[in-house]
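To start, the structure itself, in structure tokens.
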Amino acid sequence: MEVTFLGTSSAVPSKMRNHTSIALRIPGEVFLFDCGEGTQRQMALAGISPIKVTRIFITHLHGDHILGIPGMIQSMGFRGREEPLELYGPPGTLEVYESMMKVGYFSLDFEIQVNEITEGVVVEEDEYLVSCARGSHSVTNLAYCFQEKKRPRFLREKAIALGLKPGPDFGRLHRGIPVRVGDRVIMPEEVLGEPRRGVKICYSGDTRPCESIVKLARGADLLIHESTFEAGKKDKAAESGHSTAAEAARVARDAEVRRLILTHLSTRYRRSEVLEEAAREIFPETVVAEDLMTLEVNAVEPHDDG
Ligand SMILES: [Zn+2]
Ligand SMILES: [Zn+2]
């Protein structure tokens with residue numbers, strides 16, 4: 001799966017950094033995490049179709065994270081979208097959404113479901129889970145975690161040895177359904193290997209470093225954490241409800257994630273290397289996000305036998 005940074009600025013955009021939005025591409029779907037102003041234009045540059053967006057997850061209701069929603073929805077209407085769209089956000093999202101739907105004249109032929117959420121699992125499908133936890137910002141902020149579910153490996157040779165033929169029965173057993181061969185019933189556990197780990201990706205939204213995010217991100221393949229300020233601006237970060245690069249790095253270290261990406265950068269930092277270096281002293285696997293940067297994210301499987 002792929003993560004694309006559509007915008008990486010904090011409250012004010014710059015020539016090089018658009019307002020915040022992150023696209024997650026999984027098979028058959030695109031999720032957006034936040035949707036700052038101009039996100040649809042960034043998607044065009046990244047080659048991601050807004051029609052494929054099935055869910056938008058909003059961390060909080062500050063303008064730099066939501067003002068791209070009305071324009072994007074109106075464009076979806078122009079393109080004749082019919083598929084429903086799910087919108088998730090903290091309490092207050094419905095009221096903000098209703099105001100956005102009064103901006104200008106337009107018509108929509110698709111359904112938009114608004115889900116106000118607080119914490120815990122917010123989406124569960126056969127292939128993945130999305131959960132959220134409270135961060136610590138000047139307004140309610142939700143950090144999100146996407147976790148892929150992976151079925152155990154299917155032991156093909158063993159299945160054949162038990163008299164099964166490759167085909168639909170393999171799929172049934174892999175999904176946990178017993179299958180009859182002659183007068184014998186084959187149970188799924190006879191042909192399934194060790195459970196496998198799926199990809200885990202966590203995104204902080206705007207926040208002070210906090211324990212709830214360390215917990216949510218535990219062992220993630222990728223943590224995307226805000227880093228509005230450099231280390232010398234610790235007091236400024238604290239009073240505005242944001243994090244420094246070093247603070248974000250400590251969250252990554254404490255959560256034992258594999259990689260850290262810093263985003264939501266103040267436009268005052270023209271040289272993002274300063275933030276990157278400060279974070280790497282604490283957590284070496286750190287990169288500062290740039291607009292339109294795309295990463296492929298895979299889970300490490302220590303006992304992968306192919
Ligand atoms: Zn922000
Ligand atoms: Zn904010």
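Indexing begins at 1, ligand by ligand and atom by atom, following the structure's order. What you see is a predicted model; the values in this text were computed from it and never measured.
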Practice prompt. Look only at the side chain of Asp34 and the backbone of Thr59, and say whether a donor-acceptor pair between them is shorter than 3.5 Å.
Written response: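 Yes: the side chain of Asp34 pairs with the backbone of Thr59.
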
Item to complete: Mark yes or no for whether Glu116, through its side chain, and Thr93, through its backbone, hold a donor-acceptor pair below 3.5 Å.
Response: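 Yes, the answer is positive, given that a donor and an acceptor are paired below the 3.5 Å cut-off.
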
Practice prompt. Measure the acute angle between the ring planes of Phe33 and Phe57, then classify it against the limits of 30° and 60° as parallel, tilted or perpendicular.
Written response: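 Parallel: the ring planes of Phe33 and Phe57 meet at under 30°.
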
Discussion item. Below 2.8 Å, can you find an N, O or S atom of Glu226 next to the Zn ion (ligand 1)?
Written reply: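 Checking the Zn ion (ligand 1) against Glu226, no N, O or S atom falls under 2.8 Å.
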
Worksheet item: Counting only heavy atoms not in Glu124, do more than 12 sit closer than 6.0 Å to its CD atom?
Response: yes

Discussion item. Suppose you place the vertex at the Zn ion (ligand 2); what is the angle out to His62 ND1 and His60 NE2, to 10°?
Written reply: 90°

Practice prompt. Mind reading off the angle at the Zn ion (ligand 2) between the NE2 atom of His137 and the OD2 atom of Asp206, rounded to 10°?
Written response: 100°

Worksheet item: To the nearest 10°, what's the angle at the Zn ion (ligand 1) between atoms OD2 (Asp64) and NE2 (His65)?
Response: 90°

